[in-house]
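Just so it is clear, the structure is predicted and the values come from calculations on it, not from any experiment.
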Number of protein chains: 2
Amino acid sequence: MARGKHTREEIRQLAIDVAEQCIVEHGMQGMNARHIAKEMGYAVGTLYQVFKSMDLLIFEVNMRSLLALEKKLRSAAQDATHCHAAIEAMVMRYVDYALQETNRWQTLFEHRLPEGVELPETYQKHRAQLFRLLEEQLKCAYPDKFDKDIALEARALWAGVHGICTLALLNKLDDDGLNIKDIVQTLLVRFNTVGGEV
Amino acid sequence: MARGKHTREEIRQLAIDVAEQCIVEHGMQGMNARHIAKEMGYAVGTLYQVFKSMDLLIFEVNMRSLLALEKKLRSAAQDATHCHAAIEAMVMRYVDYALQETNRWQTLFEHRLPEGVELPETYQKHRAQLFRLLEEQLKCAYPDKFDKDIALEARALWAGVHGICTLALLNKLDDDGLNIKDIVQTLLVRFNTVGGEV
DNA sequence: GAAGTAAAGTGAACACCGTTCATTTTGTCA
DNA sequence: TGACAAAATGAACGGTGTTCACTTTACTTC
């Protein structure tokens, strides 16, 4: 071992911290190796000894975002008194996340690792977990449905909400005078998950 | 006037042709000024006399994609015998477009003009037209609904389908063994637009 | 024809990007 | 102290988009 100011792991975390801040403030584009290195107080070379590429650094930020999102949704579900309310709460919490932490959310869904680089298993596990959270509540709401149908419903609803957020944030909804949350509510009504009766 | 091989407008169209081909074959990333210029048989400088920036060139390709998509959806609606069928046909045509012309479709929705550059009015008009096509059919399917509710329904359904396509193409649906079209059908069922009865 | 002119076309050059790697600095231990 | 290897460096490379002083060309006028 040599040099001592920070351990390898500390430098790694420092890099993720700085990258995260860049992304939150200026989006994925507003982040570059030289700027991050300078902000860390190290040279670019050091950054590259800890991350093979900038893509992998962005990925680590996305990992944090994913875990934070999962936590939010889980707590939304737990606070609800019954499954329909849980579904609505999770959906709304998701919309809030997209609207409030826009840059973080957009990076989470727009960034792609270069071809050939596979996502770590843990990442995929946590992403699948988001669907599972919804599936649990749907299973409770519709106990008679087959698992496969529950899976389909979960994906249709989740992707639907996601699509509304995507288009809304890109101003591609042509929604003069329409409230995003009203559009989401419209979708929720279609899934019979709004209005109260258990 | 001077020089004659091509008029300014011909060069413009030539550039869009080449850019379109690049995008179709390799996606938005697989396109760059030098390559396009070489393929056109001109120098980069000439390209920049016709397009202020590469972003505006991509935009022109997107304009073409948008018009093509609009045409497809319009014909899908016209071929249908009643409004529920029209809605289903349009949605499925949209999914086909996303799945078959993936690079074109992704560029259409992922590309953003730099801040400060506004979308031309004609573009916005055609994009709004996509929603209007769906609204027409929804209006026919649900004649008692208010216009505002129709607008909400159109956006919820459209964005929903869009979200499914987005996540499916990015492999972010965690859909082991699930068919994308089945997920879309699930969404359609929720909107009561599948199954036949008028 | 020749000279003049302005449009059309050029491509080297600039600034910035991710990435690499020969080189230097530094802490540790014999 | 000297030797060694890990840690850290930053100039350099190849790739972007973009610019603009310059050259080439076609047309007009004499």
Side-chain angles (χ1 to χ4, degrees), chain A residues 1-23 25-62 107 110-117, chain B residues 1-20 22-23 25-62 103 107 110-117:
Chain A
M1 216 189 304
R3 292 284 185 102
K5 256 172 48 186
H6 296 107
T7 67
R8 233 63 225 263
E9 185 52 31
E10 281 171 342
I11 293 181
R12 234 185 90 86
Q13 294 303 321
L14 184 55
I16 304 176
D17 288 342
V18 174
E20 189 173 22
Q21 199 181 338
C22 284
I23 285 175
E25 285 174 12
H26 310 104
M28 198 166 30
Q29 326 267 24
M31 177 197 131
N32 73 70
R34 271 166 261 258
H35 177 256
I36 288 178
K38 177 177 263 183
E39 204 73 16
M40 291 169 65
Y42 283 92
V44 268
T46 304
L47 185 53
Y48 272 85
Q49 282 186 342
V50 169
F51 286 100
K52 278 189 198 163
S53 74
M54 284 293 105
D55 277 317
L56 291 175
L57 178 51
I58 294 178
F59 168 78
E60 288 300 328
V61 175
N62 280 347
T107 303
E110 285 179 12
H111 179 258
R112 266 172 281 178
L113 286 176
E115 278 190 75
V117 183
Chain B
M1 217 190 302
R3 291 286 185 100
K5 256 172 45 185
H6 296 105
T7 66
R8 232 64 225 260
E9 184 53 29
E10 281 171 343
I11 293 181
R12 233 184 91 88
Q13 294 303 321
L14 184 56
I16 304 177
D17 287 342
V18 174
E20 189 174 23
C22 284
I23 286 176
E25 286 174 12
H26 309 105
M28 198 168 28
Q29 326 267 25
M31 177 197 131
N32 73 70
R34 271 167 263 257
H35 177 257
I36 287 178
K38 177 178 263 182
E39 204 74 17
M40 290 169 65
Y42 282 92
V44 269
T46 304
L47 186 54
Y48 273 85
Q49 281 185 343
V50 170
F51 287 100
K52 276 190 199 163
S53 74
M54 285 292 105
D55 278 316
L56 292 175
L57 178 52
I58 295 178
F59 168 78
E60 288 300 327
V61 175
N62 281 346
N103 284 333
T107 303
E110 285 179 10
H111 180 257
R112 265 172 281 177
L113 286 176
E115 278 190 75
V117 184

Exercise for the section: Would you classify A:I11 as touching base, sugar-phosphate or nothing, given that sugar-phosphate means primed atoms plus P, OP1 and OP2, and contacts are heavy atoms under 4.0 Å? Expected result: sugar-phosphate

Practice task
Measure from CG on A:L47 to C1' on C:dC17 and round the result to the nearest Å.
Solution key: 14 Å

Handout entry: Interatomic distance, A:H6 NE2 vs C:dT26 C1' [rounded to whole Å]
Key = 16 Å

Handout entry: Axial bend angle, the helix from C:dG1-D:dC30 to C:dA30-D:dT1: five-pair end segments, nearest 10°
Key = 30°

Problem - NE2/A:H35: more than 12 non-hydrogen atoms of other groups inside 6.0 Å - result: no

Practice task
Could you pick out which residue, B:T46 or A:A33, lies toward the 5' side of DNA chain C when each is mapped onto its nearest nucleotide?
Solution key: B:T46

Handout entry: Flag, side chain of A:T46 to backbone of A:Y42, donor-acceptor distance under 3.5 Å
Key = no

Practice task
May I ask you to say what B:R8 touches in the nucleic acid, namely base, sugar-phosphate or nothing, with a heavy-atom cut-off under 4.0 Å?
Solution key: sugar-phosphate

Handout entry: Atom-to-atom span, CD1 of A:I36 to P of C:dT19 - whole angstrom
Key = 11 Å

Problem - C:dT19 OP1/OP2 closer than 4.0 Å to side-chain N/O of A:Y48 - result: yes

Practice task
Calculate the interatomic distance between B:D55 atom CG and D:dT16 atom P; express it in whole Å.
Solution key: 16 Å

Practice task
Identify the two heavy atoms, one from B:D55 and one from B:L113, that lie closest to each other, and give their separation to 0.1 Å.
Solution key: O-CD2, 3.9 Å

Exercise for the section: Look at all strands and tell whether B:M31 reaches a base, only sugar-phosphate, or nothing, counting heavy atoms closer than 4.0 Å. Expected result: sugar-phosphate

Problem - Backbone N/O of A:I36 and side chain of A:E39: donor-acceptor pair under 3.5 Å - result: no

Completion exercise
Per nearest nucleotide of DNA chain D, the residue lying toward the 5' end, A:Q49 or A:R34, is A:Q49

